[in-house]
Amino acid sequence: MTFAGDQAQRLVVDLHVPRDVVLTGLRHDLGALLADLGEDHLYDVQLVVTELVSNVLDHTTGSGRLRVFRTGEPCAVTVEVDDESATQPVYGQSRLGENRGRGMVMVESATSKWGTSLRPGGGKTVFAVVPCP
C-alpha cells in the first residue's frame, strides 16, 4: 500500500521497526540513503520519520514497519509507518502529558499531506508526503 499517487516511485527503505530501535541510528542511516536530497528536505524527512516511528513506540505495544519512497516528478518523499493499533493519531494532544502531543503538528507543517489507512489484517498505516522545497 502506497499513498504517493500514480507517480513512479522508488522504494528506498522497507524495514521492521523493533521496540528497541535507536532513532539516532535510523536518522543517520536514512541520511546516508537520501544523501542527494537538499539539507532542508532531508531534515524534514528525518523529522517525519522520527515522529511517526516515535508514535509507534509511545502509543502501541508492538513493533512497526517503515517504508520510504521517492518520486521524481513531482519531487517528493513519502514515509509510511505501519503499526498494530487501529487508534488514530491525535493532532496536538497526547495522553502522555501536556508537554507532548505536538508530533503530528510538526508532521503537518513539514508535509504536503498526511493521513491514515486501516490495514485489512488489523492496525493502520500512517503516511506523510514531504515535497521537495
Side-chain angles (χ1 to χ4, degrees):
M1 169 184 315
T2 61
F3 297 93
D6 296 327
Q7 304 300 320
Q9 301 179 70
R10 179 172 60 94
L11 181 64
V12 177
V13 172
D14 183 5
L15 60 88
H16 173 76
V17 178
R19 301 254 352 129
D20 62 350
V21 67
V22 178
L23 291 173
T24 54
L26 182 59
R27 283 191 299 271
H28 178 269
D29 293 347
L30 191 60
L33 292 168
L34 298 171
D36 61 318
L37 292 181
E39 184 178 351
D40 290 341
H41 191 204
L42 178 59
Y43 178 81
D44 287 347
V45 171
Q46 290 171 315
L47 171 78
V48 168
V49 166
T50 299
E51 291 303 325
L52 296 185
V53 169
S54 292
N55 279 351
V56 172
L57 304 176
D58 289 346
H59 302 291
T60 73
T61 58
S63 59
R65 180 148 214 97
L66 168 67
R67 288 179 303 282
V68 177
F69 299 89
R70 287 187 71 171
T71 58
E73 293 296 327
C75 176
V77 174
T78 300
V79 177
E80 297 179 355
V81 177
D82 300 336
D83 65 48
E84 299 169 2
S85 171
T87 303
Q88 300 297 304
V90 178
Y91 184 85
Q93 300 178 30
S94 174
R95 65 176 173 73
L96 300 176
E98 65 182 53
N99 293 324
R100 302 287 305 269
R102 295 176 186 86
M104 295 313 293
V105 173
M106 291 189 296
V107 167
E108 182 170 85
S109 72
T111 64
S112 59
K113 68 179 176 178
W114 71 272
T116 64
S117 177
L118 294 177
R119 295 186 359 225
K124 69 180 170 302
T125 299
V126 180
F127 72 93
V129 179
V130 184
C132 297

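- Contact record, Asp83 with Arg119: O-NH1, 2.9 Å, taken as the closest heavy-atom pair.
- Not counting sequence neighbours, the partners of Val81 by the side-chain contact (heavy atoms from CB on, under 4.5 Å) test are Leu52, Val53, Val56, Leu66, Val79.
- Atoms CG and CD, from Asn55 and Gln88 in turn, are 11.5 Å apart once rounded to the nearest 0.5 Å.
- Between Leu34 and Arg70, some side-chain heavy-atom pair lies under the 4.5 Å cut-off.
- Between Gly62 and Glu84, the shortest heavy-atom contact is CA-OE1, 3.6 Å.
- A single hydrophobic cluster is seen to contain both Leu33 and Val17, as judged by linkage of ILVMFWY side chains at heavy-atom distances under 4.5 Å, directly or through other members.
- The main-chain N or O of Val49 is never found under 3.5 Å from a side-chain atom of Glu51 such that the two would form a donor-acceptor pair.
- Annotation for Leu47: hydrophobic cluster partners, listed by chain and number, are Met106 (ILVMFWY side-chain heavy atoms under 4.5 Å, direct or chained).
- Atom OG1 of residue Thr116 and atom CD of residue Glu80 lie 12.0 Å apart, to the nearest 0.5 angstrom.
- Atom CG of Asp14 and atom CZ of Arg65 lie 4.5 Å apart (nearest 0.5 Å).
- Sorted by first then second residue, the disulfide bond (SG atoms under 2.5 Å apart) pairs that include residues 23-85, not counting sequence neighbours, are Cys75-Cys132.
- The side-chain hydrogen bond (donor to acceptor under 3.5 Å, both in side chains) check on Ser112 picks up nothing, with sequence neighbours excluded.
- Every residue meeting the side-chain contact (heavy atoms from CB on, under 4.5 Å) condition with Thr111, not counting sequence neighbours, appears here in chain and number order: Val48, Val107, Trp114, Ala128, Val130.
- Across Phe69 and Leu11, no two heavy atoms sit closer than the pair CE2-CD1, 3.5 Å.
- Residues Val45 and Leu23 fall within the same hydrophobic cluster, defined by Ile, Leu, Val, Met, Phe, Trp and Tyr side chains chained together at heavy-atom separations under 4.5 Å.
- A pairwise comparison of heavy atoms in Lys124 and Ser85 identifies NZ-O, 3.0 Å as the closest pair.
- The heavy-atom pair separating Ala76 from Val129 by the smallest distance is CB-CG1, 3.9 Å.
- Taking a 6.0 Å sphere around CG of Asp29, one finds it holds more than 12 heavy atoms contributed by other residues, nucleotides or ligands.
- Connection of Val21 to Val13 is established within a shared hydrophobic cluster, with ILVMFWY side chains joined at heavy-atom distances below 4.5 Å, either directly or through further cluster members.
- Separation of atoms CZ (Arg67) and OG1 (Thr78) is listed at 11.0 Å; rounding is to 0.5 Å.
- Residues passing the side-chain hydrogen bond (donor to acceptor under 3.5 Å, both in side chains) test with Arg19: none are found, sequence neighbours excluded.
- Both Val68 and Leu42 are members of a single hydrophobic cluster when ILVMFWY side chains are connected at heavy-atom separations under 4.5 Å.
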